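Here the structure comes first, spelled out in structure tokens, and everything after it is commentary.
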Amino acid sequence: MSDATVMDKIVSLCKRRGFIYPASEIYGGINGFWDYGPLGVLLKNNIRDSWWRAMVECPPIGPDGHPIEMVGLDSAIIQHPKTWVASGHVGGFADPMSTCRQCKRLFRSDHVPDMLRDAEWVKSLLGALGKSGLDGLVEFHEDFTEADPTTQALSRWARKEGKKLAPGLALVRQWTATLDGMRKTVSETQRGAPHGQPVATNTVEFLLRAMARPSTSEPLLDPCPNCGGDLTPPRQFNLMFESHAGAVQDDSSKVYLRPETAQGIFLNYKNVLDTTRVKVPFGVAQIGKSFRNEVTPRNFVFRSREFEQMEMEWFCHPDEAKTWFEFWKAERMRWWRSLGVSEQNLRFRDHEADELSHYSKMTVDIEYRYPFTAPDYGELEGIAHRGSFDLTQHQQHSGQKLEYFDQELQLKLKAQGVAEDEIKARSRYVPNVIEPASGLTRAVLLLLCEGYAEDASRASPTYLKFDPKVAPVKLGIFPLVNKDGLPEIAEKLYMDLRTRFACEFDAKQSIGKRYARMDEIGTPFCVTMDGQTLEDQTVTLRDRDTAAQERVALDQVAARLMPRLTA
RNA sequence: GCGGGAGUAGCUCAACUGGUAGAGCAUCAGCCUUCCAAGCUGAACGUCGAGGGUUCGAAUCCCUUCUCCCGCUCCA
């Protein structure tokens, strides 16, 4: 069975049993949005609660043997627009993109010049022209006659290497017409440079642009780094959703839906410090929705346009940042393992230097082997060393001081006999931030993938082996048959246990069908009342994964289950 | 956004060259049933993704559009 099929089956199961539905389905759906059904929301809430408990209510033990300091937060989805200027989201992520009309590839427009420098076909062309870089000067006769040495070199190149390396280049595809166009372009540009800017018409860079267009009616643009084809003019792909606050819909009222929850924490860093008695190092955790107008939502809920994040910002002294980075790296992996995710499906992957975000000094991803990435792994959680980037940015843009005065450090330095001036300088600083950021909706996907199991030898060939902690329903309660007072006993137990955890009572259809139904939604346990129950007040307790049964006293069911449900 | 494939019952899929939309499973009701999707009887379920066009007649042909899957690209 291929992994694509597994994914199809999971998507189908999610729909069929009410985990996840496509959003706005009755209107034909809306790309990149999903609705969590009755079972999906239970599963999602269970994961959310587990994270919140592990981070805020019962945070890990620190290196000093005491629990670390952590508080929670729930900030607004819409914040002051300047937030996103300071964070870099407004400037950096509304990336203009261009598509190649020949080979159809998509490029970030601002990356094209650099890519051209490294492109095979450009290197080859430079070699043919005897130049070493794009800014090299080219000599040619304005009319590009056949006698012109540059034209001759271009001609030779276009017929040989160019044909292989740059099949999309206009000069290669249509030699005569393009050459004609280049003549006009050069003379026109030399006569009147647009926007009054002097344009150097004798550089390789200009030459490349001139020879990339099939006609002269289009503006000069860099050619495609891949095939030399003509690129479309840069188009904006704004990755943030926009809205307007207030009645007037103009630029002054423009607001953004947050593309990450993290910034809400940085905005409240000072509030938390001023009102909660926490001291560095401490963390602020938040769970909530974020929105990104992704170019291509793909792979079920893996990349959707509305999603839920679980982020924590750990504020610490710059000298201790690396130690805490390692601490959280280990803690976060431990948490994923605690959800029952198998070791071989998880791994760490360090970001390469060129892959690091603008804000990060060091980032490691926890990756999971999703069915659609297998045998490779895909992103699950990012743990980033953000340095003091965010607080410094907000300090500059808001004009508010976001420094931390470290009184403990001050006392320590004083005791060490450090000079007064140095103590002052060293005990006031902008904390560094370690950020473990993961997707709650991605965690739901992971548990569905991890839990999905097939076993043709079972009566219920497909089942979800969720860890009991996160299973949407914990216990199925069935009378073996619908008579002899068994339904009454079962319902009494149900009425008792439903106050403790999620139970389902079912007396319909055959017992096998009821077990199978519970298996399919990942219910870890079922109890069944039978003839013996009437005699000795015991029931059978069935385990989902082994289908094994044992007899348990009716009044001991809850006690038996609780440790497994809360561990 | 580009290229390729696909949308028919809750799910998985049929329906020949244009001629009254079907099956299995699931669901519901009743009967039966003492441990793993059992059986019997009955019921409900579709403007065939949406909109327009051609036609006496469209799930089927044409146009537009939406969504999903795969690839390219993007993923802060």
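Letters A, B, ... mirror the listed sequences (proteins, then strands); counts begin at 1. What you are looking at is a predicted structure, and each value in this text was computed from that prediction instead of being measured.
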message = Could you spell out the base pairing of RNA chain B as a dot-bracket line? Use Watson-Crick and G-U wobble contacts where both distances are under 3.5 Å, [ ] for crossing pairs, | for partners on a different strand.
response = (((((((..((((.....[..)))).(((((.......))))).....(((((..]....))))))))))))....
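Across the interface with RNA chain B, nearest-nucleotide mapping of Arg458(A) and Asn299(A) shows Arg458(A) to be the residue nearer the 5′ end. Toward the 5' end of RNA chain B, the nearer of the two residues Arg292(A) and Phe33(A), judged by each one's closest nucleotide, is Phe33(A).
Of the candidate nucleotides A37(B), U33(B), C35(B), A37(B) has the atom lying nearest to any side-chain atom of Pro461(A). Listed nucleotides: C11(B), A37(B), C68(B). Nearest to the side chain of Asn31(A): C68(B).
If you check every strand for non-hydrogen atoms under 4.0 Å, Phe300(A) touches sugar and phosphate atoms only. Nucleic acid contact class of Pro259(A) (heavy atoms, under 4.0 Å, all strands): base. Residue Gln549(A) is in base contact, counting any heavy-atom pair closer than 4.0 Å across all strands shown.
The stretch residues 516-527 of chain A participates, sequence neighbours left out, in these side chain to side chain donor-acceptor pair (under 3.5 Å) pairs: Arg16(A)-Glu520(A), Arg17(A)-Glu520(A), Arg458(A)-Asp519(A), Ser460(A)-Asp519(A), Asp506(A)-Arg517(A), Gln509(A)-Arg517(A), Asp519(A)-Arg542(A).
Contact of Thr540(A) with C35(B) (side chain to base): a donor-acceptor pair of N or O atoms is detected under 3.5 Å. With hydrogens and angles ignored, a donor-acceptor pair closer than 3.5 Å exists between the side chain of Arg542(A) and the base of C36(B).
By the 4.0 Å N-to-carboxylate-O rule, Glu550(A) lies close enough to Arg560(A) to be salt-bridged with it. Ionic pairing of Glu450(A) and Arg369(A) is not present here: no N-O contact between side-chain nitrogen and carboxylate oxygen is shorter than 4.0 angstrom.
Of all non-hydrogen atoms in Ala262(A) and Arg386(A), the two that sit nearest each other are CB-NH1, 4.1 Å.
Residues from residues 510-522 of chain A that place a heavy atom under 4.0 Å from any atom of RNA chain B, listed by number: Ser510(A), Ile511(A), Gly512(A), Lys513(A), Tyr515(A), Ala516(A), Arg517(A), Glu520(A).
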